[in-house]
> 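I have a structure here, written as structure tokens, and I will follow up with some questions on it.
To find a chain, count down the sequence lines: A is the first, B the second, and so on, and within it residues start at 1.
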There are 2 protein chains.
Amino acid sequence: MKIKVFIVDDHFMVIEGLRALLQGAADIDFTGHATNAASCLAYLKKEQPDVILMDINLPDQSGIDLCKHVNENYPEIAVLAVSSFNQRSFIQNMLDSGAKGYVLKNVTQTELWQAIRAVAIGKTWVSAEVVQTLRQRQPDRPVITRREKEVLECIAQGLTNPQIAEKLFVSITTIESHRKNLLHKLNVNNTASLVRQAFYYEFISIQNEK
Amino acid sequence: MKIKVFIVDDHFMVIEGLRALLQGAADIDFTGHATNAASCLAYLKKEQPDVILMDINLPDQSGIDLCKHVNENYPEIAVLAVSSFNQRSFIQNMLDSGAKGYVLKNVTQTELWQAIRAVAIGKTWVSAEVVQTLRQRQPDRPVITRREKEVLECIAQGLTNPQIAEKLFVSITTIESHRKNLLHKLNVNNTASLVRQAFYYEFISIQNEK
DNA sequence: CCCAAACTCCCGTTTTCAGGGGATAAACAG
DNA sequence: CTGTTTATCCCCTGAAAACGGGAGTTTGGG
């Protein structure tokens, strides 16, 4: 019985590439592909592969969500994440969402085969480079509370304490306290470095318009 | 006479994918591939293709630099950038470095063929989506002077005016003036939003250690 | 050679922040 | 049920920043 493999990726070239890499494996059968989450789900309603090779970046939905969904509704299907990002957050998110494996897009043919065989029988397969990344001690990210994060966002938006107080319906002194705690937690001593560190630790991102 | 195409990409899967996409084109000949800039240059010393499909992210050297080098030393070879990034800075950098075209990694087979044929005869080919990106008006990036940028960096590092003054060997009032001008130019009214905007406009980046 | 820009410097006032010290109620986990 | 965390609130002081104004000196490009 061959291992049925389905591919989800929005890049034609990746699909073709994976397909080419799969060729020659006697025990692996390529059963189809989808370029977005929706058509993947549609396919799954009719047929279920053994393994899904899945990208993290899909046009309609994140691979994270799709992975979660597949895991909940088709627990027998193993998801093998195929990503170009060797970054802790991505890896952790995919594995947390139920992915059985994570390989990079520079994967070799033999490793891809191994990975597929591994996840197909319920094992976990993570590329060596990915394991490396996971092993690296992550910088101690300070723990800030929900409220502190709100205040931090307001600060970064350029609001003053009185303005923040008004916005959050609390006293000015409360904001001063939160601010004091934030300075301590992020180990800085003024607004400028507070904002810089907030970006560094990704408590806030640059998206917020003006 | 077939168009000789060489591929430079560090992802096996992309190489295989491109190769698969190239198959079936009667006038296109795949002549080889390299997974880094060095081996690409080594190949070029022996043989010259007509077109190089080149990734921007190479392990040893950026595609930008490789592109520049190819352009200077082998002006007859057309470089077609194949990237997953539809971002202004990348596109502009590659084209400025002499790339004859820029397609995304979700390119279809027919478009890839068209693009290769175009650049092979000296034309330029840029994917429709890429053109879109290029057309989007870039946000007016304020013009700040060299000195102002220095001050901005100091501010983001958490230095106070007196500290910056000492560091740059000028008076405190001078720094106050620069700061005043920065607030005006970036259209903000306090340090927090100044730092945020500085990140936004990429006057400063997050690399700088604590 | 001249002008505009860049860089430098100064004054005074008001607002905001940093820092230090507390305190209390609620919620949560052991 | 107790201890910790979280969120709230208060006071005070001195420092720093924001805002308004003005002004002299290099300097690079037309």
> If the threshold is 4.0 Å, N to carboxylate O, is there a salt bridge linking B/Glu176 and B/Arg179?
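No, B/Glu176 and B/Arg179 are not salt-bridged.
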
> In whole angstroms, how far is the C1' atom of D/dC19 from the CG atom of B/Asn161?
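Going from B/Asn161 (CG) to D/dC19 (C1'), I get 14 Å.
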
> Kindly point out which of C/dT16, C/dA18, C/dC9 is positioned nearest to the side chain of A/Arg179?
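Nearest listed nucleotide: C/dA18.
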
> My understanding is that only one of A/Val8, A/Val82, A/Asp10 makes a side-chain contact (heavy atoms from CB on, under 4.5 Å) with A/Asp55; could you say which?
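Exactly one option meets the side-chain contact (heavy atoms from CB on, under 4.5 Å) with A/Asp55, and it is A/Asp10.
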
> To the nearest Å, how far apart are A/Ile164 CD1 and D/dT8 P?
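My rounded result for the distance is 13 Å.
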
> Of all the choices, D/dC9, C/dC17, D/dG22, which nucleotide is nearest to the side chain of A/Thr173 once you look at every atom?
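Of the options given, the side chain of A/Thr173 lies nearest D/dC9.
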
> Just how far, in rounded Å, is P of C/dA5 from CG of B/Asn181?
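Answer to the nearest Å: 13 Å.
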
> Which nucleotide, C/dC7, C/dC10, C/dA18, lies nearest any side-chain atom of B/Ser171?
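Shortest atom-to-atom distance from the side chain points to C/dC10.
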
> Looking only at side-chain atoms of B/Pro162, point me to the closest of D/dA17, D/dT8, D/dA18.
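Out of D/dA17, D/dT8, D/dA18, the nucleotide with an atom closest to B/Pro162's side chain is D/dA17.
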
> Using a heavy-atom cut-off of under 4.0 Å over every strand shown, decide if A/Thr191 touches base, sugar-phosphate, or nothing.
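Contact class for A/Thr191: sugar-phosphate only.
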
> With a non-hydrogen cut-off below 4.0 angstrom, is A/Thr174 in contact with a base, only sugar-phosphate, or nothing?
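Answer is base: heavy atoms of A/Thr174 come under 4.0 Å of a base.
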
> Choosing from C/dG19, D/dA7, C/dC7, which nucleotide comes nearest the side chain of A/Thr145?
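Looking only at side-chain atoms, A/Thr145 lies closest to D/dA7.
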
> Can you tell me the distance, in whole Å, between the CG atom of B/Leu183 and the C1' atom of D/dA17?
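Spelled out: CG on B/Leu183 to C1' on D/dA17 is 9 Å.
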
> Select one nucleotide: of C/dT16, D/dT6, D/dC11, the one nearest the side-chain heavy atoms of A/Lys180.
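The listed nucleotide nearest to A/Lys180's side chain is D/dC11.
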
> Specify the separation, in whole Å, of atom CD1 of B/Ile155 and atom P of D/dA17.
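To the nearest whole Å, that distance equals 8 Å.
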
> Please report the distance, rounded to the nearest Å, between CD in B/Glu176 and C1' in C/dT16.
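After rounding, the gap between these two atoms is 15 Å.
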
> The side chain of B/Ser177 lies closest to which of these nucleotides: D/dC9, D/dG22, C/dG19?
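Of the candidates, D/dG22 comes closest.
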
> Should we count CD of A/Glu202 as having more than 12 external heavy atoms under 6.0 Å?
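For A/Glu202, atom CD is not crowded (no more than 12 foreign heavy atoms under 6.0 Å).
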
> CZ of B/Arg147 versus P of C/dA6: gap in Å, rounded?
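B/Arg147 atom CZ is separated from C/dA6 atom P by 14 Å.
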
> Looking only at heavy atoms, what is the nearest atom pair of B/Ile64 and B/Ser97, with distance?
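The answer is CG2-OG, 3.1 Å.
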
> What integer distance in Å separates A/Ile172:CD1 from C/dT15:P?
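Taking atom P of C/dT15 as the reference, CD1 of A/Ile172 is at 12 Å.
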
> Going by an N to O cut-off under 4.0 Å, is there a salt bridge joining A/Lys4 and A/Glu47?
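Answer for the salt bridge query: no.
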
> Could you pick out which residue, B/Val143 or B/Phe169, lies toward the 5' side of DNA chain C when each is mapped onto its nearest nucleotide?
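Nearer the 5' end of the strand: B/Val143.
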
> Give a yes/no answer on whether the side chain of A/His178 brings an N or O atom under 4.0 Å of OP1 or OP2 in D/dA7.
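The answer is no; no side-chain N or O of A/His178 sits under 4.0 Å from OP1 or OP2.
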
